[in-house]
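Here's the structure, in structure tokens; my notes come after.
As the structure is a computational prediction, the values presented were derived from the model and not from experiment.
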Amino acid sequence: MRSGAKIAVVGGVFVLFAGGVGYGAHNVLSGGDDGGTESRSGAVTKRSGPPSAEEIRTTAEDFLAAWASGEAPRAAQLTNNAAEAEPLLSSFRDGAHVSAVTMKQGKPVGPKVPFTVSATVSYEGASKPWTYASELTVVRGLTTGRPLVDWAPSVVHPQLDKQERLRTGPAAAPPIRAVDRRGRELTKEKYPSLGPVLDQLRQRYGDKAGGKAGVELVVSPPNGADTTLLTLSEGEPGELPTTLDADLQAAAEKAVKRHSEASVVAIKPSTGEIRAVANNRKDGFDAALGGQQAPGSTMKIVTAALLLDKGLVAADRKAECPKEAMYQGRTFHNLGHFDIPGGTFTQSFARSCNTAFIKLIDDVHDDAALSKLARDAFGIGLDWSTGVQTFDGSVPEGSGGEAAAQYIGQGTVQMNALTVASVAATAKNGGFRQPVIVPRSLDGRELATADRRLSGSVWRQLRDMMRATAQWGSGARAMAGVPGDKGAKTGSAEVDGQVTSNSWFAGFAGDLAAAAVVQSGGHGGDAAGPLVASVLKAG
């Protein structure tokens with residue numbers, strides 16, 4: 001079959017169209033390919049090696065033919081995992097109510113075969129055409145030697161993952177018209193990063209917003225929010241207020257496009273209101289709110305607060321910053337092996353000196369102290385009720401070399417752009433305000449509260465050290481164009497298996513705090529810093 005040949009079901013018979021001439025699908029009705037070659041004696045020899053171009057073409061043909069004609073068992077047998085494939089292929093018609101299926105098979109690229117599905121989705125009088133693109137990969141069966149489709153749910157639809165199904169019917173929740181704090185509408189089309197957020201908000205608050213459910217084709221996970229693929233009847237949306245700001249969201253969306261695998265979050269420190277959430281990721285994961293990564297030296301905001309709180313340092317007192325420091329068998333060094341002879345703690349903080357922090361661990365005399373302060377003063381690890389699902393940070397108790405890694409944001413410390421932005425907001429505000437994305441008044445939910453505020457002395461010194469970082473320290477270049485009262489902290493997190501460290505940056509300007517992470521972005525001021533600065537400038 002030539003590239004671009006079409007596949008259709010006509011009168012219950014699967015037909016391929018190429019140059020206007022129809023012919024029966026290869027081997028579909030004859031029982032399939034046994035994967036072997038027959039010798040003169042009649043014995044079948046199992047084939048090996050990658051599938052040939054002809055095998056790739058005809059296997060894709062056969063699979064698409066069986067699937068399009070509704071022969072789910074037959075199509076499943078043409079994959080390398082029939083047990084998992086058959087239920088999903090069957091639900092394509094039974095659960096998703098898809099009919100009148102035609103397929104256009106594209107030109108193979110190696111073992112991969114792109115194809116386009118065109119069909120009709122119908123449910124209780126509502127009907128709509130549906131077209132989308134997907135691809136399959138043909139591999140050699142390990143036991144039979146047959147060419148088979150390498151099974152994955154994404155073959156059926158690129159947004160399907162394991163345990164997810166396509167479902168058509170009444171929407172699980174009425175649609176919403178999400179608006180920002182000034183009443184401006186927020187849509188997935190205008191603000192793509194908000195897709196996962198809007199899906200969750202609809203699931204949680206659709207009934208409360210006063211809308212009426214329509215009929216939709218959705219990707220339905222076992223737990224979590226449905227993702228709408230096709231709307232057969234609109235329903236009536238209810239208006240849902242959020243704390244987001246359309247201008248800041250637009251700036252955040254633009255900022256993350258500078259780097260792949262980037263995330264940024266902005267928060268109002270005085271209230272905890274989330275103003276913007278943006279991601280630029282190939283996998284579509286909302287890493288800004290749900291990611292779990294070591295935050296690098298942005299964690300030094302918390303560690304510095306601990307050391308200040310214990311009276312072990314002061315912003316204007318001298319602090320040792322040698323090129324290297326060993327702690328319980330592990331050697332730590334500063335970026336580029338710099339040192340600061342006779343420098344102050346502010347200089348160590350502003351230039352992100354690792355050794356100045358690690359050398360003071362023994363003086364704390366408490367392995368749980370960092371974990372406790374992170375929770376009690378910064379709210380890290382408490383159960384936040386933002387309005388959507390979030391990972392709220394983790395700073396477990398550490399000892400020995402692991403504790404040293406935690407002090408500089410490595411090891412078992414786990415955060416994301418939301419939690420780091422909250423840390424910066426707490427440093428700016430002097431106390432933790434739990435981040436929220438919808439007003440508490442909407443549902444009366446209980447918000448997380450920290451046990452205490454930072455003391456006045458610790459707060460002033462911490463805020464001033466962040467100001468120094470933004471004015472002349474490691475964050476100065478990134479923050480140069482941000483006007484007014486501003487502060488920052490850079491971070492670079494080394495991750496096992498990565499050649500280049502993850503880039504982190506936290507900052508504040510006025511009553512706005514933001515944090516960003518760029519995977520494999522290198523130094524915090526180089527990649528993540530400009531993202532934060534652009535969002536702060538928009539505020």
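Proximity of a side-chain donor or acceptor of Q249 to a complementary backbone N or O of V277 within less than 3.5 Å is detected. Here the side chain of K537 pairs no donor or acceptor atom with the backbone of G481 at under 3.5 angstrom. No donor-acceptor pair closer than 3.5 Å links the side chain of N279 to the backbone N or O of S193. Panel note: side chain S503, backbone A528; a donor-acceptor pair is recorded below 3.5 Å. For the pair R93 (side chain) and A68 (backbone), a donor-acceptor distance under 3.5 Å is present. Not a single donor-acceptor pair under 3.5 Å links the side chain of N280 to the backbone N or O of R258. Looking at Q434, its side chain does come within 3.5 Å of a backbone N or O of A448 through a donor-acceptor pair. Judged by distance alone, the side chain of N80 and the main-chain N or O of W151 form a donor-acceptor pair under 3.5 Å. In this structure, the side chain of T298 engages the main chain of P295 through a donor-acceptor pair within 3.5 Å. A distance-only check finds a donor-acceptor pair linking the side chain of S233 to the backbone of V215 [under 3.5 Å].
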**OP:** Check the pair T79 / F63 against side-chain contact (heavy atoms from CB on, under 4.5 Å), numbers first and verdict last.
**Re:** CA-CA 8 Å; T79 75; F63 171 77; 3.7 Å; yes
**OP:** May I have the step-by-step check of side-chain contact (heavy atoms from CB on, under 4.5 Å) for V219 and L166, ending in yes or no?
**Re:** CA-CA 5 Å; V219 173; L166 295 174; 4.0 Å; yes
**OP:** Step by step, work out the side-chain contact (heavy atoms from CB on, under 4.5 Å) result for K268 and R433.
**Re:** CA-CA 9 Å; K268 184 177 182 179; R433 298 297 300 266; over 6 Å; no
**OP:** Dump the intermediate steps for side-chain contact (heavy atoms from CB on, under 4.5 Å) on L64 and L136, then the final yes or no.
**Re:** CA-CA 10 Å; L64 294 174; L136 58 84; 4.2 Å; yes
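Under 3.5 Å, the side chains of D226 and S220 contain a donor-acceptor pair of N or O atoms. Donor-acceptor pairing under 3.5 Å is recorded for the side chains of S127 and S122. With no hydrogens or angles considered, no side-chain donor-acceptor pair links Q105 and R57 at under 3.5 Å. Of the N and O atoms on the side chains of S270 and N429, not one donor lies less than 3.5 Å from an acceptor on the other residue. A side-chain donor-acceptor contact under 3.5 Å links E71 and S69.
With a 4.5 Å cut-off on side-chain heavy atoms, T242 and P439 do not count as touching. A 4.5 Å side-chain heavy-atom check between Q77 and R146 finds every atom pair outside the cut-off. In this structure, V121 and K128 have side chains that are not in contact, with every pair of non-hydrogen atoms separated by 4.5 Å or more. Contact check for K212 versus P174: no side-chain heavy atoms found under the 4.5 Å cut-off. Contact of the P87 side chain with the R165 side chain is registered, since non-hydrogen atoms from C-beta on lie closer than 4.5 Å. Contact check for I274 versus L418: side-chain heavy atoms found under the 4.5 Å cut-off. Residues I176 and Y205 fail the side-chain proximity criterion, which asks for heavy atoms closer than 4.5 Å. Annotation: side chain of E273 is in contact with side chain of V436 (closest heavy-atom distance under 4.5 Å).
Considering every non-hydrogen atom in both V117 and F115, the closest pair reads CG2-CE1, 3.7 Å. Nearest heavy atom pair, residue L244 against residue D180, reads O-CB, 3.0 Å. Closest approach of Q293 and W504 over heavy atoms only: OE1-CZ2, 3.6 Å. Residues P435 and T386 come closest through the heavy atom pair O-CG2, 3.2 Å. Counting all heavy atoms, side chain and backbone alike, A96 lies closest to L217 at CB-CD1, 3.8 Å. What you find for R202 and A173 is that their closest heavy atoms are NH2-O, 2.8 Å.
Ring geometry for Y132 against H157 counts as tilted: the plane angle lies between 30° and 60°, on a 0 to 90° scale.
Going from atom NE2 of H97 over to atom CG of L232 covers 10.0 Å, rounded to the nearest 0.5 Å. Considering CG of L240 and CD of E185, their distance stands at 11.5 Å, rounded to 0.5 Å. A distance of 10.0 Å separates OG1 of T120 from CG of L230, quoted to the nearest 0.5 Å. The structure places CG of N81 at 10.5 Å from CG of L148, a figure rounded to the nearest 0.5 Å. R181 CZ to L248 CG: the interatomic distance, rounded to the nearest 0.5 Å, is 7.5 Å. Rounding to the nearest 0.5 Å gives a distance of 8.5 Å between CE of M415 and OG of S394.
The pair R140-E55 counts as a salt bridge, with a side-chain nitrogen and a carboxylate oxygen less than 4.0 angstrom apart.
The residue from F432, F378, F391 that alone fulfils the ring-ring contact (aromatic ring centres under 6.0 Å, His included) condition with W384 is F432. Across L89, L88, D94, a single residue satisfies side chain to side chain contact (heavy atoms under 4.5 Å, CB included) together with S91, and that is L88.
E261 CD: more than 12 foreign heavy atoms inside a 6.0 Å radius. Atom CD of E239 has more than 12 heavy atoms from other residues, nucleotides or ligands within 6.0 Å.
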